[in-house]
Every structure is written in structure tokens, then in C-alpha cells.
Visitor: 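Dumping the structure here so I can ask a few things about it.
On a predicted model such as this, the values are computed, not experimentally measured, just so you know.
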Amino acid sequence: MCARFRCGRTHPPHSPDRASKANPAPRAEADTEAEAGTAVKSVKTSQPVDDGPSAQPAGEPAGEGSDASGPTAGAAKRTKARAAGTARPPTPAGAVRAESHTALVRRARRINRALAEVYPYAHPELDFENSYQLLLATVLSAQTTDLRVNQTTPRLFAAYPTPEDLAAANPEEVEELIRPTGFFRAKTKSIIGIATALRDEFGGEVPGTLEELVKLPGVGRKTAFVVLGNAFGVPGITVDTHFGRLVRRWKWTDETDPDKVEAAVGALFPKREWTMLSHHVIFHGRRICHSRKPACGACPIAPLCPAYGEGEMDPEKAKKLLKYEKGGMPGQRLKPPAGYLEAGGIPASPLGSA
């Protein structure tokens, strides 16, 4: 009697399926890669990406952006590229790799660290000596350049050195002084109103809280955060035109409302970094990442930028687009800080000078 029947029990015939379950065959490389999530699709949209898995589910047909020859061929190409030492190029313009919130936070902070190395001298580009001057200069900077404000305020501050002086001023005389900044009648009304409120409600002093500052005529959150961050050391995010444009290019947010941009970007960084983050982003927007033609070929954060390729790619041509100290040109402040001058910055010229 064969060994199979000695025990006296009946055994089912040998099943190939049972054998395969007991000793599973090695899984195909393509399946392993698909489950590991190595294939990440490019999404051509400005909408926030989903925080779900980036791998293509097994068994589904290849979608847009997938390798037509299959995952195995794609893996072979990647292996060959790694062996050849080929670095992954910056993301083409308009394409965004799917990234989780954690990945977004890491990328955003890497950009800020890189900008801090490029602009260690970043600062508010308005000339001021105290919180009163900074408050007025920021209000006057609406719809004009910081340079034009800096060329205008010396005469204004000399004529009205305190809130009490400005509160008692003749509006027509103030209008004439600030005419170069544009919208001078509306701005005159605002700054005289601010001076009057400071005199009557705050003892001639600029308040140091957001809640009090935004109650002043013509003062919104942007102006308040400029004053708080640079005169009182209170962290705040300044969402101006440059800041909003760049954070949308970098896909930190797709919001356009300044308050929503402030909230979305603020959630990516520790509060203590908000003020200098604002300076870094604004400096970069004014010098390299321009609105109409960014200098992509001369950008130090190109590998981290989803919008890389929207502007001039040729390095030599891109260098010609750089502005202020990066392009060997005068800056916007007549009295810039020492760090800016040590880095090669050039002071601006007074209004009317040759």
C-alpha cells in the first residue's frame, strides 16, 4: 500500500491551486512598481491636487501621461537614466506633479530657505524711521511704486513730522506734496484721517495690534501687517501683487482673494517666519520672477517651480531681465539698510535728479 493511504484518511487529489497558494510565485516587477506608487501623473491644472495615492490602480488602462510601453519599460528607462547620471529637469510650465499636503509644505519651505540664501538682505523697500512714517508710506504706496513713494515722503515728513502736525494740515498743501504718488486727493484724505485718529484716539502713537490698525482710515490687513512686522516685530504675511502672483505660480494656493491667500500660505509656515517670507517672495517677484516675462533661465529655484518655462529660458537672455541689485541697477530706497549696500545694492536717486 502506498504511503498515501496508510493513515486511513481520505485525501483529495493534488491541486495546482493549493500548491500555488502555499508557494506563491514572485510577483512581476510591474505589479510591484504599480503598488509602490512609483508612477505619478502630471496634472495640467491650477486646482489643488488630491492628497490620495498617486499610483495607477492595477488592471486599469494607462491614462494620459503614462508610458505607452508599460510600467516595465518605463522602469527600464528610469534605471538607464539613473545609471547615466541624468538629473531630472525642472517641471515643464503648466505641469504639476501630484503632491500631498506634506510634500507641498516641504517644497514651500525649501523655496523659502533657498530665497533666504539669495536675498539675505531682504527688507521693506520703503524708507522710514519710525512706525508713523512707515504707516503713511505704506498707505501712499497703493497704485504706485515704492521708489516714487520714497522720493516723495522726505518733504512730507519734514513738513509734518508728527501726527498732530499732519492732523492740523491744510489738505491742499498736503495734496501738492504727495501729488507724484497718484490719487493724491484720496490719499490726502486717508493720511490726514489717520493722523487725526492717532491724535484723538491713540495719544499720537501708532497702535501695535491688528485690530486697532485696521480701524484707521485707509488701513487694511496688508498695510497693518507691513507696520506690525517691520515696526513692532509682530509676524504677518503681506499679500501684495507680487506675493499673490508668485504663490499661485508655485501652486502654494489657487486663491485670489488676499485674505484667503494669507490664510492658505500662513498654514504652510511657522508664524515666526511670516514677515521674512513676505520679504523673500516680494524681492524675488520684483527682481527675477516678473509678471509678463519671468527670468526662468536665471532663477535659483527653478527645480522647485511648477511654472518653470513660462519665461525666458536662455540663461544669457534671462540675465538681462534681472532688476535692481541682481541686474546692477539702483534699488527703490534712497536710504537702504547696510546689508543691502554690502551685497552690491545701489541707493535710489531723489526725485528730479538726473
Side-chain angles (χ1 to χ4, degrees), residues 43-49 90-97 99 104-105 107-116 118-119 122-126 138 141-149 182 220-223 225-226 229 236-269 273-313 318 320-327 329 331-332:
V43 184
K44 296 185 178 180
T45 176
S46 60
Q47 299 299 319
V49 294
T91 308
V96 184
R97 295 185 180 92
E99 66 182 346
L104 170 60
V105 169
R107 181 170 63 85
R109 295 185 182 184
R110 285 180 64 192
I111 288 176
N112 187 39
R113 289 195 296 270
L115 294 179
V118 178
Y119 310 107
H123 57 273
E125 295 192 272
L126 291 169
T138 306
S141 69
Q143 304 298 317
T144 191
T145 64
D146 287 354
L147 171 61
R148 184 48 58 94
V149 173
R221 291 178 67 88
K222 184 189 84 169
T223 297
F225 280 130
V226 170
I237 292 178
T238 303
V239 183
D240 72 349
T241 302
H242 304 285
F243 191 94
R245 180 180 75 252
L246 266 62
V247 299
R248 284 188 288 273
R249 273 184 178 168
W250 296 336
K251 309 303 179 186
W252 290 4
T253 180
D254 62 349
E255 298 288 355
T256 56
D257 178 78
D259 291 350
K260 293 181 180 179
V261 171
E262 175 197 322
V265 175
L268 304 177
F269 295 88
E273 298 181 8
W274 288 355
T275 299
M276 287 309 300
L277 167 70
S278 301
H279 291 326
H280 295 154
V281 175
I282 293 170
F283 255 61
H284 192 62
R286 287 175 169 172
R287 285 149 178 80
I288 297 178
C289 196
H290 311 305
S291 176
R292 296 183 180 179
K293 196 171 184 181
C296 294
C299 182
I301 61 167
L304 299 171
C305 180
Y308 176 79
E310 286 185 2
E312 179 57 62
M313 303 284 286
K320 297 179 181 179
L321 299 174
L322 305 184
K323 293 184 177 180
Y324 304 120
E325 77 283 356
K326 294 303 180 183
M329 307 172 187
Q332 300 205 73

Visitor: What's the spacing between H280 NE2 and L246 CG if we round to 0.5 Å?
Guide: 13.5 Å
Visitor: What's the separation between atom CD1 in I301 and atom CG in L115, rounded to the nearest 0.5 Å?
Guide: 5.0 Å
Visitor: Side chains of F243 and S278, heavy atoms from C-beta outward: is any pair under 4.5 Å?
Guide: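 SC-SC contact between F243 and S278 confirmed.
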Visitor: If you take all heavy atoms of A108 and F269, which pair is closest and at what distance?
Guide: O-CZ, 3.5 Å
Visitor: Salt bridge between E99 and K251, side-chain N to carboxylate O under 4.0 Å?
Guide: no
Visitor: Measure up the W250 and H284 rings against each other and bin them: parallel (under 30°), tilted (30 to 60°), perpendicular (over 60°).
Guide: tilted
Visitor: Roughly how far apart are R287 CZ and Y119 OH, rounded to 0.5 Å?
Guide: 7.0 Å
Visitor: May I have the step-by-step check of side-chain contact (heavy atoms from CB on, under 4.5 Å) for F283 and E325, ending in yes or no?
Guide: CA-CA 11 Å; F283 255 61; E325 77 283 356; 4.2 Å; yes
Visitor: Look up atom CZ in R148 and atom CD in Q332, then write down how far apart they are to the nearest 0.5 Å.
Guide: 11.5 Å
Visitor: Can you name the nearest heavy-atom pair linking S141 to D146, along with the distance?
Guide: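 Smallest heavy-atom distance, with atoms named: CB-OD1, 3.8 Å.
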Visitor: Under a 4.0 Å threshold between the charged nitrogen and the carboxylate oxygen, would E273 count as salt-bridged to R109?
Guide: no
Visitor: Quick check against the 3.5 Å criterion: does R248 have a side-chain atom that pairs as donor or acceptor with the backbone of V261?
Guide: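 No, because the side chain of R248 does not come within donor-acceptor range (under 3.5 Å) of the backbone of V261.
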Visitor: Do V118 and K326 make a side-chain contact, defined as non-hydrogen atoms from C-beta onward lying under 4.5 Å apart?
Guide: yes
Visitor: So R249 and P306, do their side chains get closer than 4.5 Å, heavy atoms only?
Guide: no
Visitor: Could you tell me if the side chain of I288 sits less than 4.5 Å from the side chain of P300, heavy atoms only?
Guide: yes
Visitor: Can you tell me how far CG of L277 sits from OG1 of T238, rounded to the nearest 0.5 angstrom?
Guide: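 Between T238 OG1 and L277 CG, I get 9.5 Å after rounding to 0.5 Å.
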Visitor: So how far is it from C289 SG to L321 CG, rounded to the nearest 0.5 Å?
Guide: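 Between C289 SG and L321 CG, I get 11.5 Å after rounding to 0.5 Å.
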Visitor: How close do M329 and L322 get, counting heavy atoms only, and between which atoms?
Guide: CE-O, 3.4 Å
Visitor: Can you list the steps and then say if E312 with K320 is a salt bridge (charged side-chain N to carboxylate O under 4.0 Å, His left out)?
Guide: CA-CA 10 Å; E312 179 57 62; K320 297 179 181 179; over 6 Å; no
Visitor: So K222 and D240, side-chain contact (heavy atoms from CB on, under 4.5 Å) or not? Walk me through it.
Guide: CA-CA 7 Å; K222 184 189 84 169; D240 72 349; 4.1 Å; yes
Visitor: Which pair of heavy atoms, one from H279 and one from A122, lies closest together, and at what distance?
Guide: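 Minimum heavy-atom separation between H279 and A122: CB-CB, 3.8 Å.
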Visitor: Is there a side-chain contact between R107 and W252 (heavy atoms, below 4.5 Å)?
Guide: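 Yes, their side chains come closer than 4.5 Å.
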Visitor: Just by distance, do the side chain of R245 and the backbone of G285 share a donor-acceptor pair under 3.5 Å?
Guide: yes
Visitor: Can you name the nearest heavy-atom pair linking A295 to A318, along with the distance?
Guide: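 Residues A295 and A318, closest heavy atoms: CB-O, 3.5 Å.
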Visitor: Please find the pair of heavy atoms, one from C296 and one from G311, that lie closest to each other, and give the distance.
Guide: SG-N, 3.3 Å
